[in-house]
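Here the structure comes first, spelled out in structure tokens, and everything after it is commentary.
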Number of protein chains: 2
Amino acid sequence: MSGHGIRFRVNANLCLKDPQMTEYGQKLLSSSIHLFDELGFEKFTFKKLAISIESREASIYRYFENKHKLLLWLTNWYWEWVNYLIDLNIRNIDDPERKLKIVLHNIVNASTESPLTEYINENILHKVIIKESTKAYHIHNIDDENRLGYFSSYKELVQKVATVISSVSPKYPYSRMLASSLFEMANNQIYFAEHLPQLTDISCKKDQYIELEKALNFMTMKLLKE
Amino acid sequence: MSGHGIRFRVNANLCLKDPQMTEYGQKLLSSSIHLFDELGFEKFTFKKLAISIESREASIYRYFENKHKLLLWLTNWYWEWVNYLIDLNIRNIDDPERKLKIVLHNIVNASTESPLTEYINENILHKVIIKESTKAYHIHNIDDENRLGYFSSYKELVQKVATVISSVSPKYPYSRMLASSLFEMANNQIYFAEHLPQLTDISCKKDQYIELEKALNFMTMKLLKE
DNA sequence: TAAGCGAAGATAGTAATACTATCCCTAATT
DNA sequence: AATTAGGGATAGTATTACTATCTTCGCTTA
């Protein structure tokens with residue numbers, strides 16, 4: 001069963017053994033996404049994960065050193081996946097502005113694409129990313145982990161979007177800041193819409209992010225207009 | 001010694017006893033800010049805090065139920081403080097655009113104002129807010145805590161800024177989204193500048209956020225121009 | 001001056017967490 | 001037929017996140 005669908009290159013130091021390569025690892029990934037969603041990062045433990053896949057704590061530790069690295073692994077997988085989707089969808093598009101609109105669509109709606117793998121539920125992973133991904137990089141030893149390349153997927157993705165932004169408006173002086181802010185805003189505003197609605201103007205119905213996409217489009221285009 | 005300087009109204013349910021009112025409580029606050037900064041939220045424990053103020057774990061628990069509520073308390077204090085500074089500085093200003101520029105200045109540079117209390121080091125608290133505050137509201141029981149009013153300081157602050165935005169440009173359709181994004185961006189971009197510089201265009205020298213303020217001004221004014 | 005009280009000190013103890021270690025079993029290579 | 005990698009099973013440890021209880025000290029107030 002293993003090797004089904006697409007596999008992404010996630011920094012090898014984030015795991016002790018590539019979970020995408022074994023059935024056990026795929027079950028681990030699949031269950032961990034559901035469990036992060038149900039429990040949140042703080043209440044999530046390897047013990048509970050082991051129980052949910054009818055295995056043992058010690059076996060989980062053979063794949064991941066700790067839950068932080070597991071979350072980081074999933075986060076990287078997510079960014080690789082968004083990167084892949086963007087590449088796929090802007091291929092053969094020449095108009096920069098059209099390209100940027102597609103990028104925005106993919107940032108917001110990645111999870112509504114048709115699923116690529118059996119063992120990763122992109123929809124639930126997206127929810128986990130929205131709620132928990134910030135904890136993957138707001139950590140005390142950020143500089144060490146950055147040096148080890150644990151954030152390279154995100155950095156590449158932001159760089160790609162910044163390049164598209166620059167192709168629309170070569171003189172815009174804050175392309176990378178805008179790019180990273182678009183990703184952060186997308187996640188944040190969805191979270192606010194659901195939990196702290198006074199902090200946003202948009203609302204999200206049934207995981208439909210139409211208003212958010214419209215708002216980000218409006219904002220981006222206004223910023224980049226000469 | 002207690003009762004010195006300004007005291008802010010922080011949601012009373014976040015603590016068991018107001019730490020601002022006793023010398024012990026003030027020492028607790030002061031030390032916790034330093035310790036959050038040194039250790040990060042994850043490695044911070046009440047045991048270590050007790051040692052650092054030469055007290056006992058059990059005594060800390062008489063003020064705060066857990067470290068999450070302590071962080072939330074500090075976060076609320078911070079937002080109350082920024083709110084106070086904004087009020088103070090836009091008083092007597094009539095021109096909306098001028099008002100907004102002052103607001104942006106305060107969002108970015110709050111911590112460089114002259115200190116208000118002996119027991120809270122605003123500069124270090126600002127660093128803690130940048131690194132840890134997102135963990136105060138990315139929690140599993142967010143809806144319960146929101147219902148208890150644990151985020152009201154932030155919501156009021158965002159509402160205040162949204163009102164200023166609307167006074168500059170009454171037709172702008174995303175004033176609250178812009179307001180909350182300004183706060184989130186300010187923290188994020190400072191964090192990126194220091195730790196993940198590829199994700200931003202700005203740099204921060206010696207806790208001077210001139211470039212960031214300029215960028216936020218540029219962005220905001222461009223968005224609100226007719 | 002004594003009684004009473006609250007705040008914090010001191011000491012214990014517990015359940016859960018985050019691991020590490022070791023030994024065993026089995027199924028697939030070689 | 002022998003080896004070995006993957007995972008199962010069990011055990012154990014240090015730390016964390018609390019809770020409980022009993023004592024002491026200093027301040028009111030009667």
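We name chains A, B, ... by the order of the sequence lines, and we start the count at 1 in each one.
- The side chain of Arg56(A) approaches dT10(D) more closely than any other nucleotide in the set dA10(C), dG9(C), dT10(D).
- A donor-acceptor contact under 3.5 Å is not formed by the side chain of Arg62(B) with the base of dG6(C).
- The side chain of Lys67(B) places an N or O atom within less than 4.0 Å of a non-bridging phosphate oxygen (OP1 or OP2) of dA17(D).
- Between the P atom of dA7(C) and the CD atom of Gln26(B) lies a distance of 15 Å, rounded to the nearest Å.
- Remark: Ser59(A) is not in phosphate contact with dG6(D), judged by side-chain N or O atoms under 4.0 Å from OP1 or OP2.
- In this structure, Asp37(B) does not pair ionically with Lys131(B), as no charged nitrogen and carboxylate oxygen lie closer than 4.0 Å.
- Side-chain proximity of Tyr24(A) to the nucleotides dT11(C), dA18(C), dG8(D) is greatest for dG8(D).
- Atoms CZ (Phe46(B)) and P (dT19(D)) sit 11 Å apart, rounded to a whole Å.
- Between Tyr24(A) and Tyr63(A), the angle of the ring planes stays under 30°, which puts this pair in the parallel group of the 30/60° scheme.
- Side-chain nitrogen and oxygen atoms of Lys17(B) include at least one within less than 4.0 Å of the OP1 or OP2 phosphate oxygen of dA8(C).
- The distance from atom CD of Glu57(A) to atom P of dT13(D) is 16 Å, rounded to the nearest whole Å.
- If you measure from atom CD of Glu23(A) to atom C1' of dG8(D), you get 16 Å, rounded to the nearest angstrom.
- Between Thr22(A) and dG6(D) there is no side-chain polar atom (N or O) within less than 4.0 angstrom of OP1 or OP2.
- The separation between Leu70(B) atom CG and dC18(D) atom P is 12 Å, rounded to whole Å.
- Side chain of Tyr63(A), nearest nucleotide from dT16(D), dG6(D), dT10(D): dG6(D).
- Salt bridge present: Lys205(B) and Glu211(B) bring a charged side-chain N and a carboxylate O closer than 4.0 Å.
- Computed from coordinates, the Ile60(B) CD1 to dT16(D) P distance equals 15 Å when rounded to whole Å.
- Phosphate proximity of dG7(D) to Tyr61(A): absent, as no side-chain N or O sits under 4.0 Å from OP1 or OP2.
- Note on Glu38(A) versus Lys43(A): no salt bridge recorded, every NZ/NE/NH1/NH2 to OD/OE distance being 4.0 Å or above.
- Summary of the strand contacts: Ala58(B) and Thr45(A) both lie near DNA chain C, and taking for each the nucleotide with the nearest heavy atom, the more 5' one is attributed to Ala58(B).
- Using a 4.0 Å cut-off, some side-chain N or O of Lys48(B) falls inside it from OP1 or OP2 of dT16(D).
- Ring pair Phe151(A)/Trp79(A): centre-to-centre distance not below 6.0 Å.
- Atom pair Lys47(B):NZ and dA12(C):C1' shows a separation of 11 Å (rounding to whole Å applied).
- Look at CD1 on Ile51(B): it is 15 Å from C1' on dG9(C), rounded to the nearest Å.
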